[in-house]
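Everything on this sheet refers to the single structure shown next.
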There are 2 protein chains.
Amino acid sequence: MTKQKVPAAPSVRRLPSYLQLVKKAEADKLEYISGTVIAEELELEPIQVRKDLTITGIVGKPKKGYPVKSLITAIEKFLGWNKAKKAFVIGAGSLGTALSGYNGLKEFGLEICAAFDSDKKKIGKEIHGLPVFRIEELDQKVKEYNPEIAILTVPSAYAQEAANTLVKAGIKAIWNFTSIKINVPAGVVVQKEDLSSGYAMLGVMMSIKK
Amino acid sequence: MTKQKVPAAPSVRRLPSYLQLVKKAEADKLEYISGTVIAEELELEPIQVRKDLTITGIVGKPKKGYPVKSLITAIEKFLGWNKAKKAFVIGAGSLGTALSGYNGLKEFGLEICAAFDSDKKKIGKEIHGLPVFRIEELDQKVKEYNPEIAILTVPSAYAQEAANTLVKAGIKAIWNFTSIKINVPAGVVVQKEDLSSGYAMLGVMMSIKK
């Protein structure tokens, strides 16, 4: 399994909220936004804001702050969000269908082109306007659509098998929404999301409070 | 804003994957599961497994491992997942609709009873068999359904306003899927999920790889 080391992961994770805030400043026709304002809005320490934004290469000007347009460009470039990315959803179950229809992902430049499933009742139909193909058609459809990302939402028991199929078809980035850690060869990156972890945290907080 | 400190948050976040694995052992009619097996399956160090499971109060037996049934009960009790919890979804947009239909949440004992929106075209209709009510009806519906959790999926610009309404209606736990940090009074817990953070990580890993 590849361990892809990301520099300053917590800073990277905060960049989308910076981006959102700075885009709002742009919509408000502001030329600069101060680190202090950003810090207040996001409830962070000003020194943390400076440190986080350093990774984008943009430096604030004394008394003025960060140049809004350059900062937007720099964050988007750093995250690779300056170019739209095509994705396939693997598993047209409830979560796969959910993500296919979630407009929030489009804002990041993520364009889902198609979904794949093994259920004959789903194949050939559409979910949120996307075609649902047989998983056996993956190879061919990868050549056709040229997606960079696969969003994995199959049942956990099939997660590794599906990941192997994806890798074989040439997919180099997997966004894993199953609860299984998948093994992939070097050169393939995996980002794991887990709603159950968040719900576990909520449950414990609720217990503590009582 | 309340800062609810959860002891050993990373351990808590890993408990759902332990639970899933131990439930599989139960389905396979195993009486015990060894820490080493758990460690291998989840790609963790055995010492980490021991440490994580300590918070549930269950101790492994030498040479045998952890008693499967007791461990399941203990994890579910620790997470508060031994009792089903009712929830409202606030915001019947794409993500709210997605989560309402996501069966993965039912496995954790989360029962979504109703959705709320301000869009007249959605009110009075159903999403995945759930009624969609007007946000103004929240007070009354909280009394009627007695939900413990609100899942917040409104557009970010309305997140704080919606949170205020929820708190006023007596909701004590908010699962926040907006990209905004919301402020709540003491006694109300908030767990924030952010898909854009995960997608940011994926984007950076993809850039590094190239």
Side-chain angles (χ1 to χ4, degrees), chain A residues 1 4-7 9 12-17 19-20 42-43 78-81 85 93-95 97-99 101-105 107-108 110 128 148-149 156 172-175 179-181 183 187-209, chain B residues 1 4-7 9 12-17 19-20 42-43 78-81 85 93-95 97-99 101-105 107-108 110 128 148-149 156 172-175 179-181 183 187-209:
Chain A
M1 172 153 175
Q4 192 83 35
K5 187 91 179 166
V6 174
V12 171
R13 288 188 162 273
R14 279 189 290 268
L15 286 181
S17 48
L19 182 61
Q20 192 183 38
L42 300 178
E43 293 192 11
F78 183 81
L79 296 177
W81 291 4
K85 290 187 172 67
S94 52
L95 185 60
T97 306
L99 292 170
Y102 178 41
N103 286 315
L105 297 175
E107 277 173 46
F108 317 152
L110 183 68
H128 298 292
E148 289 185 77
I149 298 169
S156 297
K172 300 287 186 203
I174 300 175
W175 200 4
S179 56
I180 298 291
K181 252 194 191 177
N183 296 312
V188 178
V189 297
V190 177
Q191 168 65 25
K192 190 172 183 298
E193 299 296 325
D194 195 349
L195 288 182
S196 61
S197 287
Y199 190 58
M201 290 293 289
L202 188 66
V204 171
M205 287 189 285
M206 289 168 78
S207 309
I208 291 173
K209 200 197 63 186
Chain B
M1 167 149 177
Q4 192 82 35
K5 188 91 176 165
V6 174
V12 171
R13 288 188 163 272
R14 279 189 289 268
L15 286 181
S17 48
L19 182 61
Q20 192 184 38
L42 301 177
E43 291 191 10
F78 183 81
L79 296 177
W81 291 5
K85 290 187 171 69
S94 52
L95 185 60
T97 305
L99 292 171
Y102 177 39
N103 286 314
L105 297 175
E107 278 174 44
F108 319 149
L110 183 68
H128 299 293
E148 289 185 77
I149 298 169
S156 297
K172 300 286 185 203
I174 299 174
W175 200 4
S179 56
I180 297 293
K181 252 195 193 177
N183 295 312
V188 178
V189 297
V190 178
Q191 169 65 24
K192 189 170 183 299
E193 299 296 324
D194 195 348
L195 288 183
S196 60
S197 288
Y199 190 58
M201 290 293 290
L202 188 67
V204 171
M205 286 189 285
M206 289 169 78
S207 309
I208 291 174
K209 201 198 61 185

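Throughout, a chain's letter reflects where its sequence line sits, starting with A, and its residues are numbered from 1. The structure displayed is predicted, hence computed values, not measured ones.
Interface summary for chain A: among B/Leu195, B/Leu15, B/Thr97, the most heavy-atom pairs under 4.5 angstrom belong to B/Leu195. For the options A/Gln191, A/Arg14, A/His128, heavy-atom pairs under 4.5 Å to chain B are most numerous at A/Gln191. Between chain B and the options A/Leu105, A/Leu79, A/Leu19, A/Ile174, the largest number of non-hydrogen pairs under 4.5 Å is found for A/Leu79.
Taking the salt bridge (Lys or Arg N to Asp or Glu O under 4.0 Å) definition, one finds that A/Lys192 meets it with A/Asp194, sequence neighbours left out. Not counting sequence neighbours, B/Arg13 has no partner by the salt bridge (Lys or Arg N to Asp or Glu O under 4.0 Å) test.
Residues A/Ile149 and B/Met206 approach most closely at CG1-CE, 3.7 Å, considering heavy atoms. Of all heavy-atom pairs spanning A/Ser156 and B/Gln20, the tightest one is OG-NE2, 3.5 Å. When every heavy atom of B/Met205 is checked against every heavy atom of A/Val190, the shortest pair comes out as CE-O, 3.3 Å.
Residues A/Leu202 and B/Phe108 form no side-chain contact, since every pair of their non-hydrogen atoms from C-beta on lies 4.5 Å or further apart.
Between B/Trp81 and A/Tyr199, the ring-plane angle classifies as parallel under the 30° and 60° cut-offs.
Here the CH2-CE distance, from B/Trp175 to A/Met201, works out to 12.0 Å after rounding to the nearest 0.5 Å.
Of the atoms belonging to A/Ser196, heavy atoms from both backbone and side chain fall under 4.5 Å from chain B.
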